Amino acid sequence: MKKVNTVRFGEIEVDEAKIVHFEQGIPAFEDEHEFVIIPYDEESPYVFLQSLQTPDLAFLMTMPFIFFPDYSFEIDDENQQKLGLTSLEDMLVYVLITIPNGSVPDMTVNLMAPVIINKNTMQAKQVVLEKSPYTTKHRLFPAKEENVTQGE
């Protein structure tokens, strides 16, 4: 077990076998290589990807299929090899969540760059999908329709 200080969760003990390794870091966080996944709570579809190096760095994530059942993509051979993936069963897929200005109803997910984890080796990579129909900002919840009335 490894003890890690975090801003959000305080001091936590991490099972070394559960450490998620990003060999090349995450885009914009290339120096961050080790993380742990912490459930938001037992019932929640959300998890935190907590850095083991930087106490205040935690990304909110979810499995895309919960909100987007038709979500699909292909991983190129190079990334399959880097992650050691031999079957779909080896793979965990998460997407990063953005909460603009702290507004939960406006949360978006990055379907263009899923986080792929080999659950057997815990090797991970955020894979940017080439020629993808997805964007970095898909709404998790439908926008509320504004009641707009024309001038009287």
Side-chain angles (χ1 to χ4, degrees), residues 4-15 18-76 78-80 82-83 85 88-119 122-152:
V4 178
N5 281 312
T6 71
V7 168
R8 183 179 299 270
F9 307 103
E11 185 177 87
I12 57 172
E13 283 197 354
V14 177
D15 180 344
K18 301 220 186 257
I19 295 174
V20 180
H21 301 274
F22 287 82
E23 185 181 324
Q24 298 165 331
I26 294 175
F29 298 92
E30 285 80 7
D31 294 336
E32 299 285 340
H33 299 283
E34 292 189 332
F35 291 83
V36 65
I37 293 174
I38 301 172
Y40 188 82
D41 66 38
E42 285 182 28
E43 302 294 315
S44 174
Y46 308 111
V47 297
F48 288 97
L49 184 66
Q50 172 67 53
S51 166
L52 298 188
Q53 180 180 328
T54 306
D56 63 349
L57 181 63
F59 299 99
L60 187 60
M61 304 191 303
T62 192
M63 291 186 161
F65 311 107
I66 295 169
F67 295 94
F68 304 95
D70 298 334
Y71 181 63
S72 68
F73 59 89
E74 287 186 21
I75 301 178
D76 60 58
E78 180 184 343
N79 281 314
Q80 283 184 42
K82 277 186 182 168
L83 292 171
L85 297 169
L88 286 175
E89 290 74 36
D90 296 344
M91 194 166 64
L92 292 173
V93 179
Y94 289 97
V95 287
L96 297 176
I97 297 173
T98 301
I99 307 175
N101 302 319
S103 173
V104 170
D106 295 327
M107 288 194 309
T108 62
V109 292
N110 181 349
L111 294 181
M112 185 186 240
V115 172
I116 311 295
I117 303 170
N118 179 328
K119 63 184 177 187
M122 298 308 281
Q123 291 300 314
K125 183 172 185 186
Q126 186 176 17
V127 177
V128 178
L129 303 175
E130 300 293 326
K131 300 178 189 140
S132 168
Y134 302 113
T135 70
T136 58
K137 297 203 179 297
H138 283 270
R139 290 184 69 91
L140 269 189
F141 308 112
K144 285 193 175 134
E145 302 218 359
E146 299 291 325
N147 291 332
V148 179
T149 54
Q150 295 298 323
E152 295 166 18

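For the numbers below, each heavy atom of this structure counts, side chains included, while hydrogens, waters and symmetry mates do not. Quick caveat, the model's predicted, so the values are computed rather than measured.
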Side-chain donor or acceptor of [X] paired with backbone N/O of [Y] under 3.5 Å:
{"X": "Arg8", "Y": "Leu57", "result": "no"}
{"X": "His21", "Y": "Glu34", "result": "no"}
{"X": "Thr62", "Y": "Pro45", "result": "yes"}
{"X": "Gln80", "Y": "Glu78", "result": "no"}
{"X": "Asn101", "Y": "Ser103", "result": "no"}

| field | Any side-chain donor near an acceptor of the partner, Thr6 and Gln50, under 3.5 Å | value | no
Could you report the tightest heavy-atom contact between [X] and [Y], atom names first, then the distance?
{"X": "Glu74", "Y": "Leu129", "value": "O-CD2, 4.0 Å"}
{"X": "His33", "Y": "Asp31", "value": "CD2-O, 3.4 Å"}
{"X": "Tyr71", "Y": "Val95", "value": "OH-CG1, 4.3 Å"}

[X] side chain near [Y] side chain, heavy-atom distance below 4.5 Å:
{"X": "Glu32", "Y": "Thr54", "result": "yes"}
{"X": "Val4", "Y": "Val36", "result": "no"}
{"X": "Val47", "Y": "Met63", "result": "no"}
{"X": "Leu111", "Y": "Phe73", "result": "no"}
{"X": "Val115", "Y": "Leu96", "result": "yes"}

| message | Is it the case that the ring center of Tyr134 lies less than 6.0 angstrom away from the ring center of Phe68? | response | no
Rounded to the nearest 0.5 Å, what separates atom [atom1] in [X] from atom [atom2] in [Y]?
{"X": "Lys137", "Y": "Asn110", "atom1": "NZ", "atom2": "CG", "value": "8.0 Å"}
{"X": "Ile117", "Y": "Gln123", "atom1": "CD1", "atom2": "CD", "value": "10.5 Å"}
{"X": "Gln126", "Y": "Asn79", "atom1": "CD", "atom2": "CG", "value": "11.5 Å"}
{"X": "Leu140", "Y": "Ile99", "atom1": "CG", "atom2": "CD1", "value": "9.0 Å"}

| Test log, rule side-chain contact (heavy atoms from CB on, under 4.5 Å), inputs Thr108 and His138 | CA-CA 5 Å; Thr108 62; His138 283 270; 5.8 Å; no
| field | Plane angle bin for Phe35 and Phe59 - parallel if under 30°, tilted between 30 and 60°, otherwise perpendicular | value | tilted
Does atom [atom1] ([X]) have a neighbourhood of more than 12 heavy atoms from anything else shown, all under 6.0 Å?
{"X": "Phe9", "atom1": "CZ", "result": "yes"}
{"X": "Glu13", "atom1": "CD", "result": "yes"}
{"X": "Glu130", "atom1": "CD", "result": "no"}
{"X": "Gln53", "atom1": "CD", "result": "yes"}

| task | For a side chain to side chain contact (heavy atoms under 4.5 Å, CB included) with Lys125, tell me which candidate from Asn118, Leu83, Ile75, Ile116 qualifies. | result | Leu83
